[in-house]
Amino acid sequence: MDKGSGRVSDLRYLQLLARQYPNTRAASSEIINLQAILNLPKGTEHFMSDLHGEYEAFLHILNSASGAVREKCDILFENTMTREERARLATLIYYPEEKLREIHETVGDIGEWYKLTLHRLIEICRLVTSKYTRSKVRKALPADYAYIIDELLNTNYEVHNKKDYYENILSTIIHLGRAEDFIIAVSGVIKTLIVDHLHIVGDIFDRGPRADIILDSLMAHHSVDIQWGNHDVLWMGAATGSRTCIATVLNNSITYNNLEVIETGYGISLRPLALFANEVYRDVDVSRFLPKGPVDAATFDAKDAALAARMHKAIAVILFKLEGQIILRNPEFGMDDRLLLDKIDYANRTVRIGGADYPLRDTELPTVDRANPYALSPEEERVMAQLKAAFLSSEKLQRHARFLYTKGGLYKCYNGNLLYHGCIPMNDDSSFMEFSIGCEKLAGRAFFDHAEALARQGYYAPEGSPEKQSGKDFLWFLWCGRNSPLFGRDHIATFERALVPDETTWVERKNPYYSYYNDADVCIRILREFGLEGPHCHIVNGHVPVKSKDGENPIKAGGRLIVIDGGFCRAYQPTTGIAGYTLIYNSWGIRIASHEPFSGRENAIRNNKDIVSTSVVFERMESRIKIAETDIGEELRRNIEDLKWLLIAFKTGEIKERNSY
Ligand SMILES: O=P(O)(O)OC[C@H]1O[C@](O)(COP(=O)(O)O)[C@@H](O)[C@@H]1O
Ligand SMILES: [Mn+2]
């Protein structure tokens, strides 16, 4: 076995491999096993983005596998069950605990219902698992029922002797009073295996009610990766203790009158901010800072509104100051023109932006020291220190941040597709834009890799080190910095939208990328930059809601790029006209499902009201894609190669076989 210069280390590697496969028999049977896997159909991938805290819709889509569960019910039972019965069965799989509670009130002969339902669920489970190896299915089974489910899935019911055996297992389950438990377990297996892998292309946080619930469910997911969105890095920045990111998170949440995620979700008390705001902003004009989110008049009275507006103004002013400090600390961000607090003319009530003076609607900024406008007042310092301590000590937030770092990154290449949330920053002529932030000029993929390393530094560098500080500042840059790959705009107009009535100043110019992404040649160039070439490579992009209401197509550049921000975010649904997309890539091809708004979990459970989805196939494969053609297939082939070398080493005696007789 001469593998060139790395021979010694190769031998060491093979020795390690031999611990797992100690003899020819073990190594050969693994080769056969891997070879068989290569010939199975590729697993189904789902892609979603811009979830924005809409946990109810997200959980429903996750439970229903974006319509796939219902499809399987239809395939199997179209001719034997009514539409209504199939809807009820699908809902049972989505929400088994809740649905079972209801079943007792509506079903007469519960024994018969259990039997029928168990039969049907096993059939669905068999269909869903048919494209996996038995070993993979076994690993996904809940320990308590693994043996029984495995038996039922692999028993041929048609054979007479087996029929009795099969029926017997089911009636024993029922007689032992385990039917409901079993229904829950099998529903879980169906939901787990129906989608092999989930990609979340950014923006889990902000606007909607409970991003933390979405993250809890993603942490429980069997196979997921995340491409960070600008809103995600913002929260990751807050979890590092960056005061600017914390102030932005609070500013965003108060804007949407959504403090539940902070207080209930993450257990972070806003009392320090409320006390400060009530004291300093009690007699100040806060009319520009009323929350704009859905306000329930029954629970939100004038007093609440006043407090929210005071807190909002208090945190917004702190934010403007802290942003100024970051911009001053990091000249390489190239954002000096965004230093606006020192451009206010209090006498004339104007602010100078880009060489022009604009009237301000509010100049009552009691904490701003005109000689030193970016300094926090001592009280503001104290509030921010308390908030920072709370963000740092929120166990759940820290757990979620670590999860985002572990499963996430700025981009991902997966089975020929390139996934990222925002954009590849470009110049007007479509060349990749260069950045010199903590580096010599870098563009394209090299800048992405550098940027990801900086983002990791913000969380993991030792407290108090310069690396920590620049990493934290960079997380803020990723959130809203000029042409950042996650933000993709010239600047964020939070200041203008709050204080300048002239709406022309509210416009945030998009990076030229957003015109070029309609151009197939540009997309091919981007894909090549990330090492992807071939007719079936695509870019999957989030971030900018697709206005399908106005006829905009999520599929761009002749199918090279797909934007999957369909508007899970309720605030954006009037613009998008739908309520989110799922991109579905299975062994037959790629299609995009658009979801109608979700009418709520209660309605889904009680009335079997599913999310209505319509899907459009936009790429059909010439033949069914096998695992051999995927990234995992490539890895398996490498494993097979290694095992073949191991067989040779056994044969030549370079490695001694163990337990081989
Ligand atoms: O629509 P809202 O919630 O007021 O937020 C507007 C802000 O959100 C942003 O669009 C960023 O959020 P997205 O990543 O969802 O686009 C900013 O560019 C803009 O200033
Ligand atoms: Mn975004």
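One-based numbering, in listed order, for ligands and for the atoms of each.
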Exercise. With only distance considered, is Arg207 within less than 3.5 Å of ligand 1 through an N or O on each side?
Worked result: yes
For this session: Take the angle between the ring planes of Tyr572 and His52 and call it parallel below 30°, perpendicular above 60°, tilted in between.
Result: tilted
Exercise. Any idea how many protein N, O or S atoms are nearer than 2.8 Å to the Mn ion (ligand 2)?
Worked result: 4
For this session: Starting from the C-alpha separation in whole Å, work towards a yes-or-no answer on side chain to side chain contact (heavy atoms under 4.5 Å, CB included) for His421 and Asn230.
Result: CA-CA 8 Å; His421 177 74; Asn230 47 332; 3.2 Å; yes
Seminar exercise, completed: Under 4.0 Å between heavy atoms, the region of Asp206 that gets near ligand 1 turns out to be neither
For this session: Measure the distance from atom 10 (O) of ligand 1 to every protein heavy atom, then report the residue, atom name and distance (to 0.1 Å) of the closest one.
Result: Arg489 NH1, 3.3 Å
For this session: Answer yes if the ring centres of His400 and Tyr266 are under 6.0 angstrom apart, and no otherwise.
Result: yes
Exercise. Quick one: does Asp203 get an N or O within less than 3.5 Å of an N or O on ligand 1?
Worked result: yes
Seminar exercise, completed: So the atoms of ligand 1 within less than 4.0 Å of a heavy atom of His52 turn out to be 15 (O)
Exercise. Between the main-chain N or O of Ile327 and the side-chain N or O of Asn330, is there a donor-acceptor pair closer than 3.5 Å?
Worked result: no
Exercise. Which atoms of ligand 1 are found less than 4.0 Å from any heavy atom of Arg497?
Worked result: 4 (O), 6 (C), 7 (C), 19 (C), 20 (O)
Seminar exercise, completed: For atom 13 (P) of ligand 1, the closest protein heavy atom turns out to be His231 NE2, 3.4 Å
For this session: Test Phe205 against every option in Trp235, Trp228, Trp479 by the ring-ring contact (aromatic ring centres under 6.0 Å, His included) rule and name the one that passes.
Result: Trp235
Exercise. Hey, does Ile214 have a side-chain heavy atom less than 4.5 Å from the side chain of Glu54?
Worked result: no
Exercise. Identify the closest protein heavy atom to atom 17 (C) of ligand 1: which residue and atom is it, and at what distance?
Worked result: Glu508 OE1, 3.4 Å
Seminar exercise, completed: In this structure, atom 1 (O) of ligand 1 is nearest to the protein heavy atom Tyr572 OH, 2.5 Å
For this session: Look at atom CZ of Arg560 and say whether more than 12 heavy atoms of other residues, nucleotides or ligands are closer to it than 6.0 Å.
Result: yes
Exercise. Quick one: nearest non-hydrogen protein atom to atom 4 (O) of ligand 1, plus distance?
Worked result: Lys292 NZ, 2.8 Å
Exercise. Angle class for the Phe474/Phe477 ring planes (parallel below 30°, perpendicular above 60°, tilted otherwise)?
Worked result: parallel
Exercise. Which is it for Phe530 and Phe448 under the ring-ring contact (aromatic ring centres under 6.0 Å, His included) test, yes or no, and what are the steps along the way?
Worked result: CA-CA 10 Å; Phe530 286 82; Phe448 266 66; 5.7 Å; yes
Exercise. Considering only the protein, which heavy-atom contact is closest to atom 3 (O) of ligand 1, and what is its distance?
Worked result: Tyr256 OH, 2.5 Å
For this session: Could you please spell out the steps behind the side chain to side chain donor-acceptor pair (under 3.5 Å) verdict for Tyr585 and Asn415?
Result: CA-CA 10 Å; Tyr585 182 19; Asn415 288 342; over 6 Å; no
For this session: Can you pull out the closest protein heavy atom to atom 14 (O) of ligand 1? Residue, atom name and distance to 0.1 Å, please.
Result: Asn230 ND2, 2.7 Å
For this session: Enumerate the residue pairs fulfilling salt bridge (charged side-chain N to carboxylate O under 4.0 Å, His left out) with a member in residues 257-266, sequence neighbours excluded, ordered by first and then second residue.
Result: Arg210-Glu260
For this session: Could you tell me whether Lys547 atom NZ has more than 12 heavy atoms of other residues or ligands within 6.0 Å of it?
Result: no
Seminar exercise, completed: Ile492 heavy atoms within 4.0 Å reach ligand 1 at atoms 17 (C), 20 (O)
